[in-house]
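Below you'll find the structure, written out as structure tokens, and then a few comments.
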Amino acid sequence: MSNQITTINPSNGEQLKSYTKMDLAEVTQIIEESHAAFLQWRLESLEQRAKSVKAIGKALQEHKEEFADLMVKEMGKLPEQARQEIDLCVGICDYTAEHGPEELADEERKPGNGQRGIVTYSPIGIVYGIQPWNFPAYQVVRYSIANIMAGNTVLLKHAENVTGSGLLLEKIYREAGLPENVFRTLVISHETSDEVIAHSLVRGVTLTGSDGAGRKVATQAAKHLKKTVLELGSNDAYLVLDDADLDVAVDTCVMGRVFNTGQTCVAAKRFVVTEANYEAFKERYVEKMKALKVGDPTQSDTDVGPMARVDLRDQLHKQVEESVSKGARILCGGEKPEGKGAFYPVTVLENVEPGQPAYDDELFGPVAALIRAKDDEDAMRIANDSRYGLGGGIISKDVQRATELASKYFDTGMVFINGFGVATPEMPFGGVKDSGYGREHGGFGMHEFVNVKAINVVKE
């Protein structure tokens, strides 16, 4: 097995940079240094931690163009979307700095026996994050900033194809004044990653990735009684109900499918359209999807860039082919292009039914699945007929009814009404079923890896 990682530009197949993987001895030393840093960092006041988090946001803003350019090169993101990602990261830092001290402050309680009770949210130590490539900055900032605010120290194993992004984040955090070893990036193999999970000084593990990867990491962590938070992708359904505004529906569903080249966990993937709207929606949707230009992300007229890797593109194409072999019909796209790069055409499938990858699995790329529903009730049934449960959407003119459907019936962690969204610092982010467990954002992430400690004052 090679001890080198080489990053590749998915637009042209050219090599970007090579990195040498750390051996176990080096990783063990970093873990020990991270623990030593924790013993000091946990003693910093909430206000001081908040200042450090705020400074990280400022440093990210200062490195915005450099980081955006690296994301374009490492995983093919459109430049404007890369800049938006950095803006979101800055927003997370600002939100956490403002609300962290309040979220993590001690709470006074009065037990029934007349004693005085204090609840503290005490940091636990090293939190290890295994993160994917689709949002090279955001995925890391999402878990690391919450845990740094909570008083933990953080280790990162980033996806190999965005190794440069992981190392740039470490550089930015240090430049912002974060004490040494509070955040470290590990350039390691999957085998060494298992050793990190097993290490006694590592107290929590968080992963964003596939449900298959989640099962492996959760199993490994469970062997050592380590808490995990898992965000594991989905095949989100967007419901176009009988009373939907078709202009809103088409625009939302196009953006929801091709944003970030369709490589988003909480993207719109299955489009469940009631009989009343199906034919009209299909005609307009396919027309807009066909008009999108796939190409070099650095070109201003490009709407959809390459996928992040050729092997991921080929896997997506196999899912399309299998779906077609089992009865799905291609309305546009569906042909794997020749030549360099990891490009895949914007594709729309219909006649999508259970047993096909387009219905059952996550299609992580610019492929949309159209599903016909009898009525609104049937649309909700189809939406919930999935092993996943991360996000979803409802398009309806009756916002009150749509909100009630989202609240009472949609079996997902997030629902978007009359629009497409990814994440905001103020709202919880996470899923149910095979989409994982635990929550990030909205203050919830700051509480995932803390010791909720009860202190009982029996006598003053």
Side-chain ([X]) to main-chain ([Y]) donor-acceptor, under 3.5 angstrom:
X	Y	answer
Arg270	Asn235	yes
Ser407	Glu404	no
Ser435	Leu390	yes
Ser165	Thr163	no
Thr302	Asp296	yes
Ser189	Thr192	yes

Glu335 and Tyr344: side chain donor to acceptor below 3.5 Å |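 Distance-only check fails for Glu335 and Tyr344.
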
Validation row: [X], [Y] side chains within 4.5 angstrom (heavy atoms):
X	Y	value
Phe135	Leu88	no
Asp69	Lys73	yes
Leu232	Arg215	no
Ile371	Phe271	no
Arg203	Lys226	no
Thr7	Val162	no

Salt bridge between Asp194 and Lys216, side-chain N to carboxylate O under 4.0 Å?
->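 Salt bridge absent between Asp194 and Lys216.
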
Dump the intermediate steps for side-chain hydrogen bond (donor to acceptor under 3.5 Å, both in side chains) on Asp385 and Tyr359, then the final yes or no.
-> CA-CA 9 Å; Asp385 183 26; Tyr359 188 100; 2.6 Å; yes

Does any pair with a residue in residues 73-93 pass ring-ring contact (aromatic ring centres under 6.0 Å, His included), and if so which ones, sequence neighbours excluded?
->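 Sorted pair list comes back empty.
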
Hey, mind stepping through Asn181 and Arg184 against side chain to side chain contact (heavy atoms under 4.5 Å, CB included) and telling me if it holds?
-> CA-CA 6 Å; Asn181 297 311; Arg184 291 294 300 272; 2.6 Å; yes

Does [atom1] in [X] sit with more than 12 non-hydrogen atoms of other residues, nucleotides or ligands closer than 6.0 Å?
X	atom1	answer
His190	NE2	no
Lys157	NZ	yes
Glu287	CD	no
Glu107	CD	yes

Verdict with supporting geometry, Ser234 and Val266, side chain to side chain contact (heavy atoms under 4.5 Å, CB included) | CA-CA 7 Å; Ser234 195; Val266 65; over 6 Å; no

Please report the C-alpha distance between Lys288 and Asp251 in whole Å, then the side-chain angles of each, then the deciding distance to 0.1 Å, and finally whether the salt bridge (charged side-chain N to carboxylate O under 4.0 Å, His left out) criterion is met.
-> CA-CA 9 Å; Lys288 280 211 166 190; Asp251 288 347; 2.6 Å; yes

Verdict with reasoning, Leu331 to Leu349, per side chain to side chain contact (heavy atoms under 4.5 Å, CB included) = CA-CA 6 Å; Leu331 299 178; Leu349 303 175; over 6 Å; no

Can you tell which of Gln263, Gln315, Gln319 makes a side-chain contact (heavy atoms from CB on, under 4.5 Å) with Phe364?
->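 Only match with Phe364 under side-chain contact (heavy atoms from CB on, under 4.5 Å): Gln263.
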
Passing candidate, side-chain contact (heavy atoms from CB on, under 4.5 Å) with Glu170, options Thr185, Leu178, Leu156, Val140 |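 Of all the options given, the one that passes is Thr185.
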
Can you tell me how far the CD1 atom of Ile382 sits from the CD atom of Glu377, to the nearest 0.5 Å?
->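 The CD atom of Glu377 is 11.0 Å from CD1 of Ile382, to the nearest 0.5 Å.
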
Residue pairs, two or more places apart or on separate chains, that pass salt bridge (charged side-chain N to carboxylate O under 4.0 Å, His left out) and touch residues 234-248 |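 Output for this query lists Asp247-Arg284.
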
Compute the centroid of each ring, for His99 and then for Phe444, and state whether the two points are separated by less than 6.0 Å.
->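 When the ring centroids of His99 and Phe444 are compared, they turn out to be at least 6.0 Å apart.
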
For the residue pair Tyr238 and Phe416, categorise the inter-ring angle as parallel (less than 30°), tilted (30 to 60°) or perpendicular (more than 60°).
->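 Tyr238 vs Phe416 ring planes: parallel.
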
Parallel, tilted or perpendicular for Tyr173 and Phe183, by the 30°/60° rule?
->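 It falls in the tilted class, 30° to 60°.
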
How close do Lys326 and Gln356 get, heavy atom to heavy atom, and via which atoms?
->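 Shortest heavy-atom contact: O-NE2, 3.1 Å.
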
Which pair of heavy atoms, one from Cys332 and one from Met289, lies closest together, and at what distance?
->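 Answer, listing the atom of Cys332 first, then Met289: SG-CB, 4.5 Å.
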
Cation-pi, Phe343 ring and Arg313 (6.0 angstrom, 45 degrees) =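 Output no; distance or angle outside limits.
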
Yes or no on side chain to side chain contact (heavy atoms under 4.5 Å, CB included) for Thr274 and Lys374, after CA distance, side-chain angles and deciding distance?
-> CA-CA 6 Å; Thr274 61; Lys374 297 174 186 175; over 6 Å; no

Dump the intermediate steps for salt bridge (charged side-chain N to carboxylate O under 4.0 Å, His left out) on Glu448 and Lys227, then the final yes or no.
-> CA-CA 9 Å; Glu448 286 287 358; Lys227 181 180 178 179; 2.9 Å; yes

